[in-house]
A.B. asks: 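One structure, pasted below without further comment.
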Protein chains: 2
Amino acid sequence: MTERTWLPVPPLSDFPIENLPFGVARPAHGTPRVVTRLGDHLLDLPAAGIAPDLTARPTLNALMESGRGAEVRARAAEVLTGPERDDAVHAVGDVEVLLPIQVGDYVDFYSSIHHATNLGRIFRPEGEPLPANWRHLPIGYHGRAGTIVVSGTRIARPSGLVPDPIDGVPRLTPTRALDFELEVAFLVGGPTATHIRPDDAGGHVFGVALCNDWSARDIQSFEYQPLGPNLAKSFATTISPWVVTLEALRPYLVAAPTQEPEPDPYLRAAKPWALDLHLEIDRNGATIAETNFSAMYWTFAQQLAHITVNGATTRSGDVFASGTVSGPNPGERGSLIEQIADATADNYLADGEVVTLRGWCGGDGPDRPRIGFGEASGTVYPAVEEV
Amino acid sequence: MTERTWLPVPPLSDFPIENLPFGVARPAHGTPRVVTRLGDHLLDLPAAGIAPDLTARPTLNALMESGRGAEVRARAAEVLTGPERDDAVHAVGDVEVLLPIQVGDYVDFYSSIHHATNLGRIFRPEGEPLPANWRHLPIGYHGRAGTIVVSGTRIARPSGLVPDPIDGVPRLTPTRALDFELEVAFLVGGPTATHIRPDDAGGHVFGVALCNDWSARDIQSFEYQPLGPNLAKSFATTISPWVVTLEALRPYLVAAPTQEPEPDPYLRAAKPWALDLHLEIDRNGATIAETNFSAMYWTFAQQLAHITVNGATTRSGDVFASGTVSGPNPGERGSLIEQIADATADNYLADGEVVTLRGWCGGDGPDRPRIGFGEASGTVYPAVEEV
């Protein structure tokens with residue numbers, strides 16, 4: 001496929017011509033603008049004359065809201081397969097890759113039955129692991145939109161109140177239980193909407209990215225009852241910079257697992273909304289877990305239907321994340337708290353550790369091009385001294 | 001005091017010359033712009049030539065971020081006490097009063113000890129009413145920023161999953177337990193900040209408004225474990241349109257109640273951060289509850305310190321709300337769920353009912369001008385038919 005374009009595309013690249021994700025980059029002597037990525041190069045969309053009213057901007061929001069994403073992506077493909085346009089190309093290493101969107105609302109779900117069961121056992125060992133509502137609705141809560149950061153941003157160890165192990169008194173302390181959560185984030189596009197039906201979700205989702213919902217388990221354990229996690233997660237959430245379009249992912253949409261009991265009609269879908277997406281967690285250079293996103297109990301289409309069934313409206317730039325993606329077996333867990341319970345990990349994150357999420361669809365056959373996501377990576381820094 | 005200005009100010013107005021809150025209004029044949037209110041008139045700040053770079057805008061965000069609020073307010077006071085400027089004045093009835101800010105993140109707290117105790121008894125009758133963490137930290141969660149609406153916006157009855165009273169199966173249904181919550185909202189200004197100390201809170205809070213955190217108790221009861229409320233509250237949150245500046249409220253800052261146990265050092269303040277603010281709830285024209293904001297256990301200064309102690313950053317336009325304001329006695333409860341438990345109310349909100357929050361400081365002595373907030377009002381409309 002790569003012979004069709006005049007840019008080199010390395011073998012096994014996440015970004016062949018079939019992908020063309022959107023992102024935002026700042027060239028060395030320029031302002032932020034919308035780009036697409038092919039191999040290790042970026043096509044500068046305003047420099048290529050493609051919809052500058054939407055692309056000569058520091059975020060994707062205007063493009064997302066416009067409904068013209070598919071048209072802009074098709075024009076980028078034309079340029080990349082037409083005559084050479086070196087004037088509109090940057091090497092990815094020559095630019096600063098930025099957070100691609102201004103985030104509206106951020107909702108984080110809890111939609112892996114394996115993860116929810118594992119965490120229920122750990123946090124509520126005396127009760128049923130799965131909450132009574134879990135199989136009836138995709139549980140989710142609002143996270144902090146203003147601290148969503150792009151891959152590569154430093155993660156300072158957060159502090160919060162944790163009961164002292166000796167005297168039980170809660171004291172402010174840097175977390176001793178810093179964790180990651182492997183998630184997949186969906187980015188909303190199009191005009192404001194509400195009462196979205198699951199089978200209409202495709203018209204409201206602009207694209208998809210990887211997401212690390214960093215979590216401080218000791219802070220979470222003390223604070224989360226009764227209103228849910230707050231400081232345990234609000235310090236930072238890392239997303240990958242390349243927004244892979246739903247259009248590029250469409251060949252990899254597959255049937256979701258059977259749900260038992262059958263959900264309420266507002267959550268039922270006829271179309272396949274699970275995504276056959278291979279996911280990996282890299283800790284300091286070693287792959288420590290692999291799983292597949294297709295096993296999630298609740299799909300993104302159901303999640304979007306759920307958060308709008310009460311009349312709540314969406315905006316372009318809203319982000320909703322899947323919740324931790326865990327498979328049924330050790331080696332497939334998306335968080336350290338589960339890996340430690342499995343004895344597949346020994347400890348939470350220390351300062352200096354690097355966590356990198358990767359994921360891709362396809363790449364396993366001639367008609368299955370690799371549609372990759374790049375990386376969502378972060379390095380842990382020491383806690384900020386109290387001032 | 002009103003003799004100093006050339007505009008009439010009715011007796012008992014919420015908006016004497018000492019108040020001068022900020023808002024955003026759209027004149028009949030104009031674009032939205034920043035205004036201040038005096039009595040029943042608005043001074044059109046860009047028309048008066050006051051900081052048009054910050055005031056000829058559809059939201060207060062630029063003004064809030066600039067750090068120039070006090071200067072702009074002082075210039076408005078000069079114009080309103082100088083020569084008449086009829087060219088820069090609108091009657092409040094002649095304009096459309098708009099949501100004054102683009103909301104960043106919205107955090108809702110739970111900081112009234114009376115409210116938290118009452119709700120603990122209702123939701124968790126088998127346990128201690130106050131959660132174990134409650135006296136150690138101001139519990140809060142993130143709400144939906146995109147559905148914060150201005151006073152006067154219709155409130156459509158939300159639907160959500162509620163267990164059927166006969167067979168126990170959760171089904172999508174319009175809520176049968178629509179409630180209000182009387183709250184006070186704080187609006188963040190200034191540059192991005194983190195690790196804010198309580199005694200520095202004044203430099204990060206631009207102003208204050210009334211807030212009704214509409215709640216569907218039956219939806220909440222089923223969904224809220226373990227990650228907190230979501231659809232029960234995300235459909236709408238009403239705020240009053242006039243942002244009363246912390247400067248105007250400064251004479252009414254008073255000492256907060258004693259906290260037992262003493263909180264961790266990061267939550268301790270030397271300055272008085274409680275607010276002597278009288279609050280009322282009007283249901284269909286009758287006052288059904290009155291209380292005072294000064295009895296809140298956790299102050300807004302502590303709340304702001306708490307949500308940034310983990311390194312989370314603030315942005316101008318962030319909103320954080322107090323949680324329901326309830327006093328210790330029947331007649332002082334800020335929600336129907338408490339009033340029904342007290343037998344001071346018979347039922348939740350029916351379609352067509354109107355709930356209006358009002359509040360003011362002072363007005364009870366010659367050196368205590370009334371600094372009022374206007375209204376946060378909403379009328380309940382029938383649920384939207386499923387499409």
Side-chain angles (χ1 to χ4, degrees), chain A residues 104-108 110 120 123-124 131-133 136-137 139-147 156 158-161 169-172 192 194-195 197 216 219 222-232 234-236 261 264-266 306-307 309-315 318 383-384 386-387, chain B residues 104-108 110 120 123-124 131-133 136-137 139-147 156 158-161 169-172 192 194-195 197 216 219 222-232 234-236 261 264-266 306-307 309-315 318 383-384 386-387:
Chain A
D105 272 297
Y106 164 44
V107 176
D108 190 26
Y110 191 55
F123 275 102
R124 295 174 294 279
N133 53 14
H136 296 284
L137 56 84
I139 294 176
Y141 69 99
H142 285 75
R144 192 162 186 84
T147 50
S159 293
L161 280 190
V169 175
R171 292 197 180 84
L172 185 66
T192 288
T194 186
H195 292 104
R197 287 184 286 199
I219 298 172
F222 184 63
E223 77 171 358
Y224 90 107
Q225 290 283 14
L227 298 183
N230 185 5
L231 269 66
S234 65
F235 56 99
D264 193 89
Y266 83 91
H306 182 64
I307 53 173
V309 76
N310 67 345
T313 45
T314 59
R315 293 173 288 173
D318 285 352
V384 174
E386 278 310 296
V387 285
Chain B
D105 272 297
Y106 165 44
V107 176
D108 191 25
Y110 191 55
F123 275 102
R124 295 173 294 280
N133 52 15
H136 295 284
L137 57 85
I139 295 177
Y141 69 101
H142 284 76
R144 192 162 185 85
T147 51
S159 293
L161 280 191
V169 175
R171 293 198 179 84
L172 184 67
T192 289
T194 187
H195 292 105
R197 286 185 285 199
I219 298 171
F222 184 63
E223 77 171 357
Y224 90 108
Q225 292 282 14
L227 298 182
N230 184 3
L231 270 64
S234 66
F235 57 99
D264 193 89
Y266 84 91
H306 183 63
I307 53 174
V309 75
N310 66 345
T313 46
T314 60
R315 294 173 288 173
D318 283 352
V384 174
E386 279 309 298
V387 284

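Just so it is clear: chains get the letters A, B, ... in the order the sequence lines come, proteins before strands, and each one is counted from 1.
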A.B. asks: Among B/Arg124, B/Arg171, B/His306, B/Arg315, which has the most heavy-atom pairs under 4.5 Å with chain A?
C.D. replies: B/His306

A.B. asks: Against chain B, work out which of A/Ser234, A/Pro158, A/Pro265 has the most heavy-atom pairs shorter than 4.5 Å and name it.
C.D. replies: A/Ser234

A.B. asks: Between B/Pro131 and A/Gln225, what is the shortest heavy-atom contact and its length?
C.D. replies: CB-O, 4.2 Å

A.B. asks: Against chain A, label B/Val107 side chain, backbone, both or neither, depending on which of its atoms sit under 4.5 Å from a heavy atom there.
C.D. replies: side chain

A.B. asks: If we define contacts as heavy-atom pairs under 4.5 Å, which of A/Ala216, A/Gly160, A/Gly146, A/Ala132 has the most with chain B?
C.D. replies: A/Gly146

A.B. asks: Please confirm whether the backbone N or O of A/Ile307 pairs with a side-chain atom of B/Asn230, one donor and one acceptor, at under 3.5 Å?
C.D. replies: no

A.B. asks: State which residues pass side-chain hydrogen bond (donor to acceptor under 3.5 Å, both in side chains) with A/Tyr106; sequence neighbours excluded, sorted by chain then number.
C.D. replies: none

A.B. asks: Among B/Gly120, B/Gly143, B/Ala232, which residue has the highest count of heavy-atom pairs closer than 4.5 Å to chain A?
C.D. replies: B/Gly143

A.B. asks: Does A/Thr147 have any side-chain hydrogen bond (donor to acceptor under 3.5 Å, both in side chains) partners at least two apart in sequence or in another chain, and if so, which?
C.D. replies: none

A.B. asks: Tell me, out of A/Gly140, A/Ala156, A/Gly104, A/Ala236, who's got the most heavy-atom pairs with chain B below 4.5 Å.
C.D. replies: A/Gly140

A.B. asks: Measure B/Thr194 against the heavy atoms of chain A and call it side chain, backbone, both or neither at under 4.5 Å.
C.D. replies: neither

A.B. asks: Please flag which part of B/Pro226 lies under 4.5 Å from any non-hydrogen atom of chain A: side chain, backbone, both or neither.
C.D. replies: both

A.B. asks: For A/Ala145, is it the side chain, the backbone, both or neither that has a heavy atom under 4.5 Å from a heavy atom of chain B?
C.D. replies: both

A.B. asks: Counting only non-hydrogen atoms closer than 4.5 Å, does B/Tyr110 touch chain A with its backbone (N, CA, C, O), its side chain (CB onward), both, or neither?
C.D. replies: side chain

A.B. asks: State, to 0.1 Å, how close B/Tyr224 and B/Pro229 come at their nearest heavy-atom pair, and which atoms those are.
C.D. replies: CB-N, 4.0 Å

A.B. asks: Return the option, out of B/Ile219, B/Leu231, B/Asp264, B/Asn133, with the maximum number of heavy-atom pairs under 4.5 Å with chain A.
C.D. replies: B/Leu231

A.B. asks: Pick from A/Asp105, A/Thr192, A/Val169: which one has the most heavy-atom pairs with chain B under 4.5 Å?
C.D. replies: A/Asp105

A.B. asks: For A/Arg144, run the side-chain hydrogen bond (donor to acceptor under 3.5 Å, both in side chains) check against B/Asn310, B/Asp318, B/Thr313 and tell me which one passes.
C.D. replies: B/Asp318

